[in-house]
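Here is the structure we will look at, set down as C-alpha cells.
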Amino acid sequence: MAGDPRVQEVLDRALAEVAGARSTSDLEQVRVRMLGRAGQLTTLLRSLGAIPAAERPKVGEQANRAKGEVEAAIAARLEGLKAEEHRRTLAADRPDLTLPGRRPLPGAVHPLTRVTEEIIEVFEGLGFSVAEGPEVESDYYNFAALNFPADHPARDMQDTFHLSADTLLRTHTSPVQIRTMKAQRPPVRIICLGKVYRRDILDATHSPMFHQVEGLAVDKHITMADLKATLQLFAREMFGPKSAVRFRPSFFPFTEPSAEVDVRCFKCGGDGCRFCKESGWLEILGSGMVHPNVLRNVGYDPEEVTGWAFGMGIDRVALLKYEIDDIRLFFDNDLRFLQQFGGLPGR
C-alpha cells in the first residue's frame, strides 16, 4: 500500500528549506515552521486519526520517519552554518596589519595631586618635612591634646564621625602635629597632609571627606612675623608673584592669637569681581601662634619655645587656583574634566 503523498510533500519541502537556509536564524525559522507546535509535520501527525484504520500504522511510520529525517537534516545544517558564521566572524575581526598603530592615551595628574605636590615643593624648599598619621584617631589626639576640653563649644565647629566613645575619623590633620611633637624635641618644622572627615552634606562647596594640609613650626624665638612671612611666600608661589595676604582676628582653641588669612584675588588684582564676591580677597586658611596649653600637653615648655601653625583645605586651594565652582568634580572621575589638567588629550 502506497504511503500518504502529503507526508512526502511536506518532507520534500522541509528538506529543501533546510538546505536553503543561509543563517542559523533562518534555520530556526524552518524548524519552527516544520516541527513547531503548529508546524506542518506536527499538524500532519495530529491528523492521523482521520485516516482509515488500515492505513494508519503505515502512514504514521512514514510521518515519524519523515520527522526524523527533518530533525537530522536540521542538526547537520546547523553545524555547517555555525562553522560558516564563525569563519565570517574571525575574518571580520582580523586586524588590518597595514593600519597605523594607535598611540596609548597617557594619564593625567589629578588636580588635587597636582596642588598637593606644589604645596610640598614650596614648604620643602623652606626646610619643612612631611609628616603623616592615622585617619582613625582617638579623642585625645584629635581634641583634648589640642586644647578642646570635653565640654568645649568649639567641638561643635567640627561635626564628627564617631566610631566609638573614644575613637573617631580625624576632623583635621592636627593630631599629626601632636604625635610629631610628642616624638621629638624642638625645633620642629613639618607639614601634615591627608584626608579628613566631617559630617557635611555633599554639595558644590562641601564634602564629608576632603584633603587638608597643616604647617607647624616650633623653636626658640618663633614669632607671628615668621608666620606672616611664610604665608606671604606661599601665596606668591601658589597664586602668582603679585599675591598678597591679609590677617583677620579669629578664634581657634589650639592657637592664641588666631587669625583667618585671605589672599588677594588673583582674578581681579583686588579690584573686586564675581570670583571674590566683589571683596577683592579670597579666604584661604586659618592660623595662629600655638596655644601654650598645647605646648604643655606635648611636654614643651612655653617659656622656652613658641610656635605657629596654620591649616587649609587642599580642595579649597585647588578650587581657587583652577577657578572651579563645584568640589564634586574632584571625585566624579569624569575624563572630560580631568583632561583639562594636562596629560590626557581630548578624543
Side-chain angles (χ1 to χ4, degrees), residues 1-113 202 204 207 209 324 326-347:
M1 187 179 295
D4 191 321
R6 294 177 300 170
V7 176
Q8 189 63 44
E9 181 184 349
V10 173
L11 174 60
D12 292 342
R13 187 184 310 123
L15 294 177
E17 292 190 15
V18 169
R22 291 291 176 263
S23 67
T24 54
S25 60
D26 290 345
L27 187 61
E28 175 62 15
Q29 293 178 15
V30 173
R31 187 196 66 79
V32 171
R33 192 158 52 247
M34 295 298 170
L35 303 177
R37 296 182 61 182
Q40 296 178 28
L41 267 175
T42 304
T43 303
L44 190 58
L45 285 169
R46 289 174 180 170
S47 68
L48 290 178
I51 297 175
E55 300 178 10
R56 196 175 301 160
K58 188 170 184 178
V59 175
E61 180 183 356
Q62 180 189 12
N64 284 322
R65 188 167 56 248
K67 180 180 179 183
E69 287 186 40
V70 173
E71 289 176 342
I74 289 175
R77 183 60 177 151
L78 180 61
E79 290 301 317
L81 289 172
K82 283 183 176 179
E84 290 177 14
E85 291 179 353
H86 182 61
R87 284 193 295 271
R88 287 197 296 268
T89 300
L90 290 179
D93 291 344
R94 180 174 297 170
D96 185 349
L97 300 181
T98 65
L99 291 174
R102 296 178 181 176
R103 299 181 62 183
L105 296 177
V109 178
H110 195 282
L112 293 181
T113 301
L202 182 63
S207 172
M209 185 279 291
I324 299 167
D326 195 329
I327 195 173
R328 291 168 292 193
L329 291 171
F330 290 143
F331 309 110
D332 287 343
N333 293 325
D334 189 333
L335 292 182
R336 295 170 300 177
F337 169 74
L338 296 177
Q339 69 186 15
Q340 301 175 63
F341 299 91
L344 187 60
R347 291 180 180 273

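Every heavy atom of this structure was used, including side-chain atoms; hydrogens, water molecules and symmetry mates were not.
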Check: Is there side-chain contact between His86 and Lys82, with heavy atoms separated by less than 4.5 Å?
Finding: no
Next item on the list: Ignoring hydrogens and angles, tell me if any N or O in the side chain of Asp332 forms a donor-acceptor pair with the backbone of Asp334 under 3.5 Å.
Entry: no
Check: Hey, which of Gln29, Glu71, Glu17 is the one that makes side-chain contact (heavy atoms from CB on, under 4.5 Å) with Met34?
Finding: Glu17
Checklist line | Ion pair Arg13/Glu9, N-O distance below 4.0 Å | finding: yes
Next item on the list: With rounding to the nearest 0.5 Å, note down the distance linking CZ in Phe337 to CZ in Arg328.
Entry: 12.5 Å
Next item on the list: Please name the pair of heavy atoms, one in Ala14 and one in Val70, separated by the smallest distance, quoted to 0.1 Å.
Entry: CB-CG2, 3.7 Å
Check: Between Thr89 and Glu85, is there a donor-acceptor pair closer than 3.5 Å when you use the side chain of the first and the backbone of the second?
Finding: yes
Note to self: So, taking the atom named CG in Leu11 and the one named CD in Glu69, what distance separates them when rounded to the nearest 0.5 Å?
What the structure shows: 5.0 Å
Next item on the list: Measure the spacing between CG of Leu202 and CD1 of Ile327 and express it to the nearest 0.5 Å.
Entry: 8.0 Å
Note to self: Return the CZ to CG distance between Arg22 and Leu27, rounded to the nearest 0.5 Å.
What the structure shows: 11.5 Å
Note to self: Once rounded to the nearest 0.5 Å, what's the spacing between atom CZ of Arg336 and atom CD of Gln339?
What the structure shows: 9.0 Å
Next item on the list: Check Phe330 against Ile324 and note the closest heavy-atom contact, atom names and distance.
Entry: CE2-CD1, 3.6 Å
Next item on the list: Quick one: closest heavy-atom pair of Ala21 and Leu81, and the distance?
Entry: O-CD2, 3.8 Å
Note to self: Let me confirm one number: the CG-CZ distance from Leu15 to Arg77, rounded to the nearest 0.5 Å.
What the structure shows: 13.0 Å
Margin query: Ignoring hydrogens, what is the shortest heavy-atom contact between Val30 and Val18? Give both atom names and the distance.
Written below: CG1-CG2, 3.8 Å
Notebook entry, point to check: What are the two closest non-hydrogen atoms of Leu338 and Pro111, and how far apart are they?
Noted result: CD2-CD, 4.0 Å
